[in-house]
Amino acid sequence: QVQLVESGGGLVQAGGSLRLSCTASGRAFSSYRMGWFRQAPGKEREFVAGISWSGGSTYYADSVKGRFTISRDNAKNTVSLQMNSLKPEDTAVYFCAAGQGPGPYYTAKNYGYWGQGTQVTVSS
């Protein structure tokens with residue numbers, strides 16, 4: 001069992017930066033792949049970024065590649081998402097997720113645990 005709590009969301013102007021954090025409680029955090037997803041009003045939840053259990057492999061949606069960076073600290077049970085050059089279309093609720101695979105990182109059904117989400121709003 002893993003419990004996930006996100007933090008770091010807020011309101012930022014276009015071109016600005018935010019850093020989201022997700023803290024996990026429970027057992028064996030380092031055995032889980034981690035992902036960030038987002039959901040905008042009226043849209044389906046979409047994959048943003050994923051990271052392997054060791055941190056050695058990372059994956060990004062094309063829409064955020066080069067602007068967002070996912071990282072993890074297994075000693076602190078945290079995963080972070082550094083978001084730079086934010087755009088209004090990045091506005092959404094961002095969710096942290098944990099899973100043990102197998103299957104693609106970009107598929108939500110491959111994650112068994114989810115946080116409650118944190119709102120990110122980017123103004124133009």
Side-chain angles (χ1 to χ4, degrees):
Q1 193 82 8
V2 177
Q3 294 80 41
L4 304 172
V5 178
E6 303 97 335
S7 61
L11 173 64
V12 64
Q13 288 189 329
S17 298
L18 280 176
R19 185 176 180 87
L20 304 183
S21 293
C22 173
T23 301
S25 59
R27 298 169 61 179
F29 171 77
S30 61
S31 69
Y32 289 89
R33 61 169 63 172
M34 300 298 296
W36 286 96
F37 289 74
R38 67 187 181 187
Q39 188 166 19
K43 295 188 177 182
E44 293 189 354
R45 191 169 299 189
E46 64 174 2
F47 171 76
V48 176
I51 189 166
S52 63
W53 65 272
S54 67
S57 298
T58 56
Y59 308 86
Y60 297 94
D62 288 343
S63 59
V64 307
K65 203 170 293 183
R67 300 188 298 123
F68 291 10
T69 302
I70 188 171
S71 60
R72 68 188 295 162
D73 185 338
N74 286 341
K76 296 182 179 179
N77 281 14
T78 59
V79 60
S80 299
L81 185 69
Q82 178 67 42
M83 305 186 295
N84 298 329
S85 302
L86 283 161
K87 305 175 181 180
E89 52 263 44
D90 294 318
T91 295
V93 177
Y94 283 70
F95 298 89
C96 172
Q100 293 185 301
Y105 278 71
Y106 54 79
T107 304
K109 69 178 182 180
N110 291 327
Y111 296 83
Y113 303 98
W114 294 82
Q116 83 289 348
T118 186
Q119 177 70 47
V120 171
T121 303
V122 184
S123 63
S124 57

Full working for side chain to side chain contact (heavy atoms under 4.5 Å, CB included) between Met83 and Trp36: CA-CA 12 Å; Met83 305 186 295; Trp36 286 96; over 6 Å; no
Residue pair Gln13, Leu86: steps toward the side chain to side chain contact (heavy atoms under 4.5 Å, CB included) verdict: CA-CA 8 Å; Gln13 288 189 329; Leu86 283 161; over 6 Å; no
Chi angles and distances behind the side chain to side chain contact (heavy atoms under 4.5 Å, CB included) call for Tyr113, Gln1: CA-CA 8 Å; Tyr113 303 98; Gln1 193 82 8; 4.1 Å; yes
Verdict with supporting geometry, Tyr94 and Glu6, side chain to side chain contact (heavy atoms under 4.5 Å, CB included): CA-CA 8 Å; Tyr94 283 70; Glu6 303 97 335; over 6 Å; no
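Using a 4.5 Å heavy-atom threshold, the side chains of Gln100 and Tyr32 count as touching. Cys22 is not listed as a side-chain neighbour of Phe95, based on a closest heavy-atom distance of 4.5 Å or more. Contact check for Ser17 versus Val12: no side-chain heavy atoms found under the 4.5 Å cut-off. Using a 4.5 Å cut-off on side-chain heavy atoms (C-beta onward), Ser21 and Thr78 make no contact.
Summarising the local packing, NZ of Lys65 is surrounded by more than 12 heavy atoms from other residues, nucleotides or ligands at distances under 6.0 Å. More than 12 heavy atoms of other residues, nucleotides or ligands lie within 6.0 Å of CH2 in Trp114, so this atom counts as buried by the packing criterion.
Interatomic distance, Arg45 CZ to Arg38 CZ, rounded to the nearest 0.5 Å: 13.0 Å. Of the inter-residue distances, the one linking Thr91 atom OG1 with Gln119 atom CD reads 7.0 Å to the nearest 0.5 angstrom. For the atom pair OH (Tyr106) and CZ (Phe37), the distance works out to 11.0 Å, reported to the nearest 0.5 Å. Rounding to the nearest 0.5 Å places OH of Tyr111 at 8.5 Å from CE of Met34. Taken from CG in Asn74 to OG in Ser31, the straight-line distance is 9.0 Å, to the nearest 0.5 Å. Here Leu18 contributes atom CG and Gln82 contributes atom CD; the two are 8.5 Å apart, rounded to the nearest 0.5 Å.
Of all non-hydrogen atoms in Gln3 and Gly26, the two that sit nearest each other are OE1-N, 4.2 Å. Across all non-hydrogen atoms, the minimal contact from Cys96 to Val79 is SG-CG1, 3.8 Å. Considering all non-hydrogen atoms of both residues, Leu81 and Ala49 come closest at CD1-CB, 4.1 Å. Contact record, Ala24 with Val2: CB-CG1, 4.0 Å, taken as the closest heavy-atom pair.
With hydrophobic clusters built from ILVMFWY side chains whose heavy atoms lie under 4.5 angstrom apart, Leu4 shares a cluster with Ile70. Note on Tyr105 and Phe68: separate hydrophobic clusters, where clusters join Ile, Leu, Val, Met, Phe, Trp and Tyr whose side-chain heavy atoms are under 4.5 Å apart, directly or indirectly.
Judged by distance alone, with hydrogens and angles left aside, the side-chain atoms of Asn84 form no donor-acceptor pair with the main-chain N or O of Thr69 at under 3.5 Å.
Phe47 and Tyr59 have their aromatic ring centers separated by at least 6.0 angstrom.
Contacts classified as salt bridge (charged side-chain N to carboxylate O under 4.0 Å, His left out) and involving residues 66-77 (residues at least two apart or in different chains) are given here: Arg67-Asp90.
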